[in-house]
Protein chains: 2
Amino acid sequence: MVTIYDIAKQANVSAMTVSRVINNTGRISDKTRAKVRHVMEEMNYVPNAMARSLVLQKTNIVSLLVTDITNPFYTTLARGAEDAARAHGYKLLLGNSDEDLVKEKEYIETILSTRVDGVLLTPASDNSKEQLEALMRHGTPFVAIDRDVPGITCDAVVGDSVGGARKLIDHLVELGHRVIALVGGTFDVSTARERHDGYREALEANGLPYDEQLVFQTGYRLQDMEQAVERLFALNPAPTAILAGNNLLALGLLQSFRRRGIETPGQMSIVTFDSLGYRDLIDPLFTTAEQPAYRFGELGITMLIERIEGRAEVQPRRKVLLNELIIGSSTGEPQP
Amino acid sequence: MVTIYDIAKQANVSAMTVSRVINNTGRISDKTRAKVRHVMEEMNYVPNAMARSLVLQKTNIVSLLVTDITNPFYTTLARGAEDAARAHGYKLLLGNSDEDLVKEKEYIETILSTRVDGVLLTPASDNSKEQLEALMRHGTPFVAIDRDVPGITCDAVVGDSVGGARKLIDHLVELGHRVIALVGGTFDVSTARERHDGYREALEANGLPYDEQLVFQTGYRLQDMEQAVERLFALNPAPTAILAGNNLLALGLLQSFRRRGIETPGQMSIVTFDSLGYRDLIDPLFTTAEQPAYRFGELGITMLIERIEGRAEVQPRRKVLLNELIIGSSTGEPQP
DNA sequence: TTGAAAGCGCTACCAG
DNA sequence: CTGGTAGCGCTTTCAA
């Protein structure tokens, strides 16, 4: 591997001079600079970022840890994060925790050992507290994204889950629905909790009873859902609409209904958060509270880098990004 | 930051002993090991991967560079790559070249300077040759994935584009189509070229004429496509079916047809490669030659790591992954 | 304007 | 079984 010493020898200068040329620091004569540059070209020199990081104590790498890389919401978020990181001269180390605390912990370990400058992450659940505390202990700046963790005060970019749920329920009520179920993620995830809060508040604001029987906590995994669907239809009176905790749950519910010959929106309306992309193709198109996924990533990275570079106020900052109600074809008036 | 020297001092041993405990090398008394372990726990010690890499000349990082992170084919591929990398104890540094040679070049520079152990990449086009040569010059192992680059002999995992195109055209011919257009990517991308080859071969095998007028080279970007669509309908005889170069082009064509009030498959059948995910929801579901995206990533990383670790034969290996014809609802008999 | 020495945190190598 | 020394490639500090 070619090092600054190889360049130095070839150019008849010291390693320091080469270093100065690379970093544009100090005063160097044009002639020396030109010669060094020439030799670097000739020898295909590429600086060793690790050696550099070791002495500078700075890697210019930020980590993005999401819970599901195949979910379009996170893909788009990742894209925003990547663009922003690039624009600020940082590299992005991507990880996927799969909603799994063990994997998350392993990734945090990796992150710590890589000495990345900062971390943007979607905590798997409230139990991620331990991992976030590890980051704090090691002085690694981080920004929580999409989800909050109780007991941790840190920079965060989150959505307006309560408001989104309220809008969605209001929409269903306007259509005439009176019995609305919630199939949400488990309540150890802040978004699931808040969507539940919004659901409850909206029901009460509309003078409808809140009934625990209508609330299903299932994992965000599709297979966990079948049981809920079973019980859903055993209820009396049966719900005519469902608020799904996220885009994938909505998809799972729809597929489950189809297998049972239940039509959406005819027999069961569905509303949810975020989208699955391909707006023009998906049928039915879900009625959804769509969050600005790209912006989540972009803003998250920007806040993170401000923090890393000491340009952020000391107080943790919490940014709430609003969602937009998109009326699709997964909702209609309840059947008589 | 806590180092092995801090641990050493606290445990009353030398740094070397700490190093040996960390790496499980050499012989250490159980008592010493226990003491060192204890101190490491207590001080929240996390090894510095960079310092380690610097001396070992090994980072345990592999890079994945794709051309479009929002394309589900690449997302799924990335997921396969990530799982495989993790399983082998490597970290994944993700990049997105956006089909852009300049971005690609920048990423290769970053990759080189990070001294990653290897690279898995989808070359943006034949002009990526220069970048691949840079990797070779620096002795960085890499595996080309999804696309070949003429003039470069290297490990590669590619699809059977020719075979896929033939199956798709055969299917259309069986349905009764006689005038079939090709809207492909630009021919400086190997998959676009090969899909064109398969298209041509299949036409000839079916005794149909190959007509250059029916072949449209458009970028893989949706906006480049409108012109092609315009000309498509000016043709006489007008085609009744189209082979779209990839999933996103198929999507763009469909959207374009819808805006013009042209029905699929009624007035125009569409076939393509890969899918957009959400098989049950998309309407129409494209008839497609679906490639094993996850396997692309998984196998690519596996081959890469074999190469890195010297477990691969010296000769470059080229693995072709077959696709599967999925009959969807975007194809039907031509209208009389 | 340029260079020499020291050290970032770690491990290979050789001694004991 | 344990420790000392040297060096990975780079930049900071001080000196010339």
Side-chain angles (χ1 to χ4, degrees), chain A residues 1-37 39-40 43-61 109-117 138-140, chain B residues 1-37 39-40 43-61 109-117 138-140:
Chain A
M1 185 193 310
V2 29
T3 73
I4 51 171
Y5 287 95
D6 301 320
I7 307 292
K9 186 186 284 181
Q10 197 72 19
N12 280 312
V13 295
S14 74
M16 260 324 294
T17 303
V18 178
S19 173
R20 288 193 183 101
V21 170
I22 293 168
N23 298 293
N24 271 313
T25 57
R27 251 161 289 283
I28 308 235
S29 75
D30 287 353
K31 200 174 135 211
T32 308
R33 191 198 320 281
K35 186 166 56 178
V36 171
R37 285 250 166 82
V39 175
M40 292 201 310
M43 301 186 73
N44 291 310
Y45 173 74
V46 179
N48 184 323
M50 285 181 320
R52 200 158 186 278
S53 299
L54 192 58
V55 33
L56 294 182
Q57 305 282 43
K58 177 114 172 49
T59 55
N60 274 54
I61 297 177
E109 200 78 5
T110 295
I111 281 166
L112 251 15
S113 115
T114 309
R115 302 294 194 267
V116 300
D117 295 335
H138 288 272
T140 304
Chain B
M1 186 194 309
V2 28
T3 73
I4 51 170
Y5 287 95
D6 300 321
I7 306 294
K9 186 187 285 182
Q10 197 72 21
N12 279 313
V13 295
S14 73
M16 263 320 297
T17 303
V18 177
S19 173
R20 283 197 265 261
V21 170
I22 294 168
N23 297 292
N24 271 314
T25 59
R27 254 162 287 282
I28 308 237
S29 75
D30 287 353
K31 199 173 136 211
T32 308
R33 191 198 319 281
K35 185 165 59 177
V36 171
R37 286 249 165 82
V39 175
M40 292 200 309
M43 302 184 75
N44 290 309
Y45 174 73
V46 179
N48 185 323
M50 285 182 318
R52 199 158 186 279
S53 299
L54 192 57
V55 35
L56 294 182
Q57 305 283 42
K58 178 113 170 52
T59 54
N60 273 54
I61 298 178
E109 199 78 6
T110 295
I111 281 167
L112 251 16
S113 117
T114 309
R115 301 293 193 268
V116 300
D117 295 335
H138 288 270
T140 304

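Sequence lines set the chain letters: A, B, ... in the order given, protein chains first and strands last, and positions in each chain run from 1.
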Value in whole Å for how far the P atom of D/dG9 lies from CD1 of A/Ile22: 13 Å
Whole-Å distance separating the CG atom of B/Asp6 from the C1' atom of C/dG9: 10 Å
Length of the CZ-P vector between B/Arg20 and C/dA12, whole Å: 10 Å
Touch class at under 4.0 angstrom, heavy-atom based, for A/Ser53 against every strand present: nothing
Euclidean distance, atom CG of residue B/Leu54 to atom C1' of D/dG7 [Å, nearest integer]: 9 Å
Proximal nucleotide (of D/dC10, C/dG9, C/dA4) relative to the B/Ala51 side chain: C/dG9
Interatomic distance, A/Met16 CE vs C/dA4 C1' [rounded to whole Å]: 10 Å
Whole-Å gap separating P (C/dG7) and CZ (A/Arg52): 21 Å
Sugar-phosphate, base or nothing in reach of B/Ile4, heavy atoms under 4.0 Å: base
Donor-acceptor pair present, A/Tyr5 side chain and D/dC10 base, under 3.5 Å: yes
Interatomic distance, B/Lys58 NZ vs D/dG9 C1' [rounded to whole Å]: 19 Å
Sidechain-backbone polar pair: B/Ser53 side chain, B/Lys58 backbone, donor-acceptor under 3.5 Å: yes
B/Arg33 side chain vs B/Arg27 backbone, donor-acceptor pair below 3.5 Å: no
Selected nucleotide, minimal atom distance to A/Thr17 side chain, candidates D/dT12, C/dT2, D/dG4: C/dT2
B/Asn23 CG - C/dC13 P separation (whole Å): 14 Å
Per A/Leu56 side chain, nearest of listed nucleotides D/dT12, C/dT1, C/dC8: D/dT12
